[in-house]
Amino acid sequence: MSSTLTRPAPSGAARESVAPRRRTRLLALPEVRWAAAALALFLIALPLYLAGAPGWTWGTLFAAVYATGGWEPGWAGLRSLREKTLDVDLLMVVAALGAAAIGQVLDGALLIVIFATSGALEAIATARTADSVRGLLDLAPATATRVADDGTEETVPGERLAVGEIILVRPGERIGADGRVLDGAGEVDQATITGEPLPVAKAAGDEVFAGTLNGTGALRVKVERDPSDSVIARIVAMVEEASGTKAPTQLFIEKAEQRYSLGMVAATVALFVLPLLVGADLRSTLLRAMTFMIVASPCAVVLATMPPLLSAIANAGRHGVLVKSAVVMERLGQVDAVALDKTGTLTEGTPRVTDVRPLAGSGLPEDEVLRLAAAAEHPSEHPLARAIVDAARGRGLDIPLVRDFGSAPGTGVSATVEGRTVAVGSPARLPDGRTGGPAEEVAAALEVAAALEEEGRTAVLVTVDGRPAGVLGIADRLRDEAAATVAALGELAGTTPVLVTGDNPRAAARLAGEVGVDDVRAGLLPQDKVAAVREMERAGRKVLVVGDGVNDAPALAAAHTGIAMGRAGSDLALETADAVVVRDELATVPAAVRLSRRARRLVVQNLVIASVFITGLVIWDLAGTLPLPLGVAGHEGSTVIVGLNGLRLLADGAWRRARAGTDR
């Protein structure tokens, strides 16, 4: 249990030990630069083309679109040819050039822009994953203070620490290695590892983790793990491994694309060469082959998938859910199991005063107990202190000035308030005789504290002039929409969500009962959360993980799909997750799943429409004589139809229906 203590601001040295976050600039990625250039040129050329401007104006601009957006996939396709692989991107470039060759310059330019943009999105996702891993490595301090056998201190690089060595961790410093406290006492913020919302009191014999932040009190720690095997290092390894499996390879789709590409090229060549061998006219044969290339080109197939998914992404983004790619939007609708973090996900992640219990012997009312406690806590920066002060201000209570403020690690704070000595701290850290009050008053205080703790609260004892005056109950507040969200996700997945948390079992069980979760897995370290996700995956499930902390990042990366809560989410969780709830509205998670499922249905509809058009036009061209203008019209018509069908998800009504509980 955490007591209410003062946490000093980190020293300058401590602040300097935390490396600044490193993020790859978007324009540093060549794919982004070329895609942006192609899009800008296309938007300039389009109105000129539609307005009937001279051909040299829009023609030059469209040629620049082909060059800027098409050279990179074209060059990559040529390299693939050297490895005897026909890249579908190269096929798209050839199709775009074929469209231009018969006068359909606009169609080809649009195809180029779509593929350049898709490549840029994939490059951004890859860069962000690398950034997140680098940011996690920055959590571990670069140096540590090693204590020699003769007591001398030496600053050494963290990676040079060895098992069995002793390090000194001063207040405000990050702990340099996994180990065990030899002596000293302090409060350690280890939310980066366990996700616990409150700092944890540490004393001799307690385990501590590298990268966690020491609050008050100096600690001497014996290193028990090699730096390469620390919890934080294992998190990095798991994120790298799991993120590598999330690349959009989709082997089945790649095989289908490869076969389609080979078949289309072979058919086009055969349609041109074979008739010439039997004496056909060159011009008519070339015209038939070019018509075939246009009507068989997969423009409509490409638009069948991208507009629904990108429209769903845009709509979700307008309503506070950032989905990082079209691949993620598609995968989101496939989930059939859900794992939820507790702190910062189902709860707000901020401790609040839930109970004020004055003791009968004190003669003080609720507001007076809270007012005195807030006054004593006011100089402190501890999360529990802020919760008590906020509660007093919320009731409109005046907070008087104090004198003789003091704090002790693991015990509490004390101050003189209006001539009375007020102490606030943990009942478990205050022996019976410490209060100086009658034994029955002490027993009553401990009984109230035990009852609050049984309900999952953190109990804080308030004494006035040495006698128990009241007990405050503090807890992380459950989100208003938590129960409804759990029920909605359970309905979508077909099974009740699982609660995976680093918090203690009692608090986890209490919250699970409030939101309707039956499967509770508490006291989990990051690797345990990953193991829980892997267990569900082995059972054939596609798992959605929702979390917010660094400790959730490996599970977010390992899951089929990961969603991070944005307001209080750690940098690593935000970068590792596939989607981010920017406005911190938990109820948007099931809405995003429903929107994804609607997008997936539209993709199937569009693929059917595109296939019918392509098949019909190809048969017409092969079995009869398909006029080139009619072939182009049919090809463009199918492209427009599937594009407009996909854009239906841009309407606000699509989100309202998803939020209301229907994905139809």
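Counting begins at 1 with the first residue of the sequence. The analysis underlying the following values was restricted to heavy atoms, covering all of them including side chains, and did not include hydrogens, waters or symmetry mates.
- Side chain of R479 to backbone of T345: a donor-acceptor contact under 3.5 angstrom is found.
- Annotation for P590 and T485: closest pair CD-CG2, 3.8 Å, computed over non-hydrogen atoms.
- Counting only distance, with no hydrogens or angles, the side chain of T212 and the backbone of F209 share a donor-acceptor pair below 3.5 Å.
- For F62 against A109, the heavy-atom pair with the smallest separation is CD2-CB, 3.5 Å.
- A search for side-chain hydrogen bond (donor to acceptor under 3.5 Å, both in side chains) contacts involving R648 returns N645, not counting sequence neighbours.
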task = Run the numbers on V546 and D341 for side-chain contact (heavy atoms from CB on, under 4.5 Å), then give the verdict.
result = CA-CA 6 Å; V546 186; D341 176 48; over 6 Å; no

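- Remark: W71 pairs with W34 by the ring pair (Phe, Tyr, Trp, His ring centres under 6.0 Å) rule, at least two apart or across chains.
- When all heavy atoms of A558 and V530 are compared, the closest pair comes out as CB-CG1, 4.2 Å.
- In this structure, L649 and P308 approach most closely via the heavy-atom pair CD1-O, 3.5 Å.
- Taking the charged nitrogens against the carboxylate oxygens, D552 and K529 do have a contact shorter than 4.0 Å, which makes a salt bridge.
- Applying the side chain to side chain contact (heavy atoms under 4.5 Å, CB included) test between L511 and each of V517, T501, L478 identifies L478 as the sole match.
- Using a 4.5 Å heavy-atom cutoff, the side chains of V500 and L340 are not in contact.
- M565 CE to L346 CG: the interatomic distance, rounded to the nearest 0.5 Å, is 9.0 Å.
- Among residues two or more places apart in sequence or in another chain, the side-chain hydrogen bond (donor to acceptor under 3.5 Å, both in side chains) test is passed with R510 by E514.
- Checking side-chain atoms of T68 against main-chain N and O of A64 turns up a donor-acceptor pair under 3.5 Å.
- The only option from I641, V618, V608 that meets the side chain to side chain contact (heavy atoms under 4.5 Å, CB included) definition with F613 turns out to be I641.
- Every residue two or more places apart in sequence or in another chain was checked for a side-chain hydrogen bond (donor to acceptor under 3.5 Å, both in side chains) with T588, and none qualifies.
- One finds the CZ atom of R541 at 13.0 Å from the CG atom of L544 (value rounded to the nearest 0.5 Å).
- Using a cut-off of 4.0 Å between Lys/Arg side-chain N and Asp/Glu carboxylate O, E537 and R534 are scored as salt-bridged.
- Residue R331 holds its CZ atom at 11.0 Å from OG of S596, rounded to the nearest 0.5 Å.
- Looking at heavy atoms from C-beta onward, P505 lies out of side-chain contact with V520 at the 4.5 angstrom threshold.
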Side-chain donor-acceptor pairs under 3.5 Å in residues 35-45, sequence neighbours left out?
none

message = Assess the residue pair R521 and E535 against the criterion (salt bridge (charged side-chain N to carboxylate O under 4.0 Å, His left out)); give the C-alpha distance rounded to whole Å, side-chain angles, the decisive distance to 0.1 Å, and a yes or no.
response = CA-CA 13 Å; R521 308 183 189 188; E535 177 185 338; 3.4 Å; yes

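- To the nearest 0.5 Å, atom NE2 of residue H560 and atom NZ of residue K542 are 5.0 Å apart.
- Counting heavy atoms from C-beta outward, V589 and V581 have side chains that approach closer than 4.5 Å.
- Listed for the R597 side chain is a donor-acceptor partner under 3.5 Å among the backbone atoms of L492.
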task = List the steps, then state whether side-chain contact (heavy atoms from CB on, under 4.5 Å) holds for I563 with D578.
result = CA-CA 6 Å; I563 297 180; D578 300 303; over 6 Å; no

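- With sequence neighbours left out, E491 forms a side-chain hydrogen bond (donor to acceptor under 3.5 Å, both in side chains) with no residue at all.
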inquiry  = E585 vs R659, test: salt bridge (charged side-chain N to carboxylate O under 4.0 Å, His left out). Steps then yes/no.
reply    = CA-CA 12 Å; E585 298 178 27; R659 187 71 183 259; 3.7 Å; yes

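- When all heavy atoms are compared, the tightest approach of L556 to G547 is CD2-N, 4.0 Å.
- One distance of note links CG of N315 with CE of M329; it measures 8.5 Å at 0.5 Å rounding.
- If you take OG1 on T347 and CG on L586, they are separated by 10.0 Å, rounding to the nearest 0.5 Å.
- Annotation for A337 and M536: closest pair CB-SD, 4.4 Å, computed over non-hydrogen atoms.
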request  = Take N606 and V604, measure what side-chain contact (heavy atoms from CB on, under 4.5 Å) needs, and give me the verdict at the end.
outcome  = CA-CA 5 Å; N606 285 347; V604 174; over 6 Å; no

